[in-house]
Amino acid sequence: MNIQVTNLTKKYGTQRAVDNISFNVSTGEILGFLGPNGAGKTTTMKILTCFMAPTDGDVNIGGYSIHEDAAEIKRRIGYLPENNPLYLDMQMLDYLEFVAHLHGVDKNKIDKRIAEMIAVCGLNVEKHKKIGELSKGYRQRVGLAQAMIHDPDILILDEPTTGLDPNQIVEIRKLIREIGKEKTVILSTHILPEVEATCDRILIINNGKIVADGTSEVLRKQAQSEETLRVQILDAKNKDEIITSVSALDSVSMIDPVSDMDNTFIINSRANQSSKRNLFNLCVEKKWVLTEMTPLETKLEDIFRELTTN
Amino acid sequence: MNEILVLAHKELRTFFDSLIAYILITIFLGMSGFFTWLFGSDIFFIGQATLQPFFSIAYWTLFFFIPALTMRMLSEEKRSGTLELLLTKPLSDWQVVMGKFLACLELIVIALLFTLPYYITVSFIGPIDHGAVISGYFGMLLMSAALISIGLFASSITNNQIVAFLLSLVIGVFFLIIFDVLSNSFTGSFGQFLNYLSLSTHYESVSRGVIDSRNIIYFLSLGYLGLFLAESVLSKRNIVE
């Protein structure tokens, strides 16, 4: 199911929590929603799930508009809200059954779906406990289970892996990837490696506006048009000799010695040029020994920081 | 409709799982039983086989009993954030309010069923007016419906249970006494208007066995008003926050 967001705006008083944003998500895509606290991620998700009406703009989900067909949209969405609210005084199995009934899951299939969810989310050990007696990680799994119990076309997850142990995180990511093959998934997170590991596409928003949209490779390329290398060169007479000869190369724009490591330098190339070959040839010519040449990638953290700090 | 029943069923189970139901029913039966059978101008002094004393006492016990039921219904959902969970399921605001209403009404019906032994006992004592008893129970149900919707409205505007409890008592006091008292100090159409607003006027006539369409319209519209306001307060999140 496609999601089409057009000129969405939500005002809280005079503050624009979401400011005229538009984007599309197509079936089988996993979209990662990134942004600092208060950027408008959760507000956008609340509007997509029909919890809150926008001040302006429209969301079209599989041909249904949030203004007219909220009930139809709600039936097709599985949602894990921020902070994972749950009825703590209910037993887990009763709770899952309640959610399945609310979603109108066929009565004969409810037991089967619950059993599947318990297996998928690893809830079997704790299934007879009250939700209030579960640990944070298990509650998170219950939250995921209730979001997926009616086999929704769209899954919207607000920070799905908080409170899980590393093994469970890997499993949940695998599960999200699995679901994302056929369904549309939108997830928000603060954990940047998680976005890279799970998402096909990243949307970074700041102050209610979209500041970046694309795959992690595209974002990297945008942020880093020039090549950066870390090299270690041995057997030169002194540092200055290396610096002068390397700067003389056509493709090199800048060379900096790394202060706490001997014989190590950071070398920036000019835009759209590579200096790897030239450097190697230079070392051969001068009889220096090249012991390290590492291309430095801009980390997603850096991109994120650059786009969201003013 | 199905969703309303699913929610009502879940709420009713929560009442019984969390002991609230047992405690409240015990208190309700204890209080009304004590004042009906043991204390003051009780049922034996009237010289007539009638449940009238019980209906007058239930008027006050329900007044305290119902806010205790409704106080957490919406406020707790708001406080813990589960309201968001509920409203992103295929449920409208109105269905949420109706589901909660129905659950409370069902619990009241269960509590009232436990008072049927009073009726049976009194009918052994002497000839009892069965019509008046049925009408009295009907009146209690109508009054409960009105008080539940007032309670749900009070619960919708706060996320603190105690505030919701006190607020529904305050609103309840207006309908149970204050309008009645005021109507005595005003004459003319304003006095009549206050008299019509007072819940006691309508409850008394129904529990005496006189059911007038005016009484039924009064209870139903008061109930509807409370539920409508509760829904409006929930929907307010769409406009501003």
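In this text the structure is predicted, and so the values were computed from the model without any measurement. Any value given below was found using the heavy atoms of this structure, including those in side chains, with hydrogens, waters and symmetry copies removed.
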Task: Salt bridge flag under 4.0 Å for residues A:K183 and A:D151 - done: yes
When heavy-atom pairs shorter than 4.5 Å are enumerated against chain A, which of [options] gives the highest number?
options: B:S18, B:S235, B:G81; answer: B:G81
options: B:T14, B:L91, B:D93; answer: B:L91
options: B:E84, B:E3, B:H9, B:E77; answer: B:E84

- [ ] Give, as side chain, backbone, both or neither, the part of A:N83 having an atom under 4.5 angstrom from any heavy atom of chain B.
- [x] neither
Task: B:F63/B:Y59 aromatic ring centres below 6.0 Å - done: no
Task: Derivation and outcome, side chain to side chain donor-acceptor pair (under 3.5 Å), residues A:N2 and A:S26 - done: CA-CA 4 Å; A:N2 293 329; A:S26 42; 4.9 Å; no
Task: Per-residue contact mode, B:L7 against chain A (heavy atom under 4.5 angstrom) - done: both
TODO: Could you tell me which non-hydrogen atom of A:E159 sits nearest to which non-hydrogen atom of A:T189, and how far apart they are?
DONE: CG-CA, 4.3 Å
Open item on the list: I'd like to know if the side chain of A:Y79 pairs up with that of A:Q146 as donor and acceptor (distance under 3.5 Å, no hydrogens or angles considered).
Closed with: no
